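Below is one structure, written out as structure tokens; the observations come after it.
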Protein chains: 2
Amino acid sequence: MSQGNSCVSIGRAQARACTVREALDRVGGKWSIGILVAAAKGPVRFTELERQVEGISRRMLTLTLRNLERDGLLHRRVHPTVPPKVEYTATPMALELYESLVALTDWAERHRGAISEARAAYDREHAGQ
Amino acid sequence: MSQGNSCVSIGRAQARACTVREALDRVGGKWSIGILVAAAKGPVRFTELERQVEGISRRMLTLTLRNLERDGLLHRRVHPTVPPKVEYTATPMALELYESLVALTDWAERHRGAISEARAAYDREHAGQ
DNA sequence: CCGGATCCTAAGGGATACTG
DNA sequence: CAGTATCCCTTAGGATCCGG
């Protein structure tokens, strides 16, 4: 639905925010990251993904794979054998994306404690209503 | 719903993915980034945000502000005047987060073209069904 | 000016059963 | 093995109106 270049005609720092969302939209789903991580270390088969990405349903696995493939983040290779064999591989673009997420990982680890404290404090504060 | 430390008991590289989602969950909403960007440059009032963050509804502005405040990313200061004046400011933690997103912004800009080409190619390929 | 309360729609996502 | 197809529920989010 949201195209890539809807970041024009804003004119402010909000254009920056829009560019960020551009990236987040491709990785924002519940399962995208888990799949990308699993596919980053080489070709992975459908069933392998189903096991490695804990809790994912067959349906969501298929859907997320299709989206990632469509965005050029995964490459899908079908081996015309019986039984069928399909391998998914992260593209260079996807690997770059994953490395860009390292900064985010660091941030999350550094502030994990502060965040839950902030939440606890907020909830305490707003307990009586 | 999702607590902060649900990343244990996985044991694989998937724990990494889980940490990434930890960060994304706090910024994954449709409006969070836009609000943070606007609040990054100093105190902003409610109505200012309503104008700067284009397209946001009153309801979502309030909700997102509350969530960001609860996570310790925004500070809310109420001036007991008439009419009321409320200022929102990004906390240092939020500023760090924003800087961590720069890598993501760069990625989005670098691959913007490649992504839309990949989409076009995929859609062309899968046109006949 | 800064919201809260209510109602409603749409999108995300889970469970399950079926198929080439 | 690698998916489709269906059904259903839950959540995000928009529209609108009311209140301190």
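Residue numbering restarts at 1 for every chain, and letters A, B, ... go by the order of the sequence lines. On a predicted model such as this, the values are computed, not experimentally measured, just so you know.
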Whole Å only: how far is the CZ atom of A:R66 from the C1' atom of C:dG13?
-> 17 Å

Can you tell if the side chain of B:T19 reaches within under 4.5 Å of the side chain of A:E109, non-hydrogen atoms only?
-> yes

Look at the side chain of A:R58 and decide which nucleotide, out of C:dG13, D:dT4, C:dG3, has an atom nearest to it.
-> D:dT4

Might you point out which heavy atoms bring A:L49 and A:A38 nearest each other, and give the distance in Å?
-> CD2-CB, 3.6 Å

Compare every heavy atom of B:S100 with every heavy atom of A:L104, then report the nearest pair and how far apart it is.
-> CD1-CB, 3.9 Å

Counting side-chain heavy atoms from C-beta on, which of C:dG4, C:dG14, D:dA2 comes nearest to A:K30?
-> C:dG14

Look at A:Y88 and D:dC1 and indicate whether a side-chain polar atom (N or O) is within less than 4.0 Å of OP1 or OP2.
-> no

Rounded to the nearest angstrom, tell me the gap between atom CZ in A:R77 and atom P in D:dG3.
-> 15 Å

Under 4.0 angstrom between A:R76 side-chain N/O and D:dG3 OP1 or OP2 | yes

Can you tell me the distance, in whole Å, between the CD atom of B:E50 and the P atom of D:dG14?
-> 13 Å

Do you know the tightest heavy-atom contact between B:T89 and B:G42?
-> CG2-C, 4.5 Å

Taking only the side-chain heavy atoms of A:R59 (C-beta and beyond), determine which of C:dG14, D:dG14, D:dA2 contains the nearest atom.
-> C:dG14

Could you state the CZ-P distance from A:F46 to C:dT19, rounded to the nearest angstrom?
-> 18 Å

Nearest listed nucleotide, side chain of A:V86, among D:dG3, C:dG14, D:dC1 | D:dG3

Nucleotide D:dG13, atom P - distance to CZ of A:R21 in whole Å | 8 Å

For A:M60 and D:dT6, give me the distance from atom CE to atom P, rounded to whole Å.
-> 18 Å

Nearest-angstrom distance from the residue atom NE2 of A:H79 to P of D:dA2 = 11 Å

What integer distance in Å separates A:I56:CD1 from D:dA2:C1'?
-> 14 Å

Student check: side-chain heavy atoms of B:M93 and A:R110 closer than 4.5 Å | no

Which is true for A:T47 with a 4.0 Å heavy-atom rule: it touches a base, it touches only sugar-phosphate, or it touches nothing?
-> sugar-phosphate

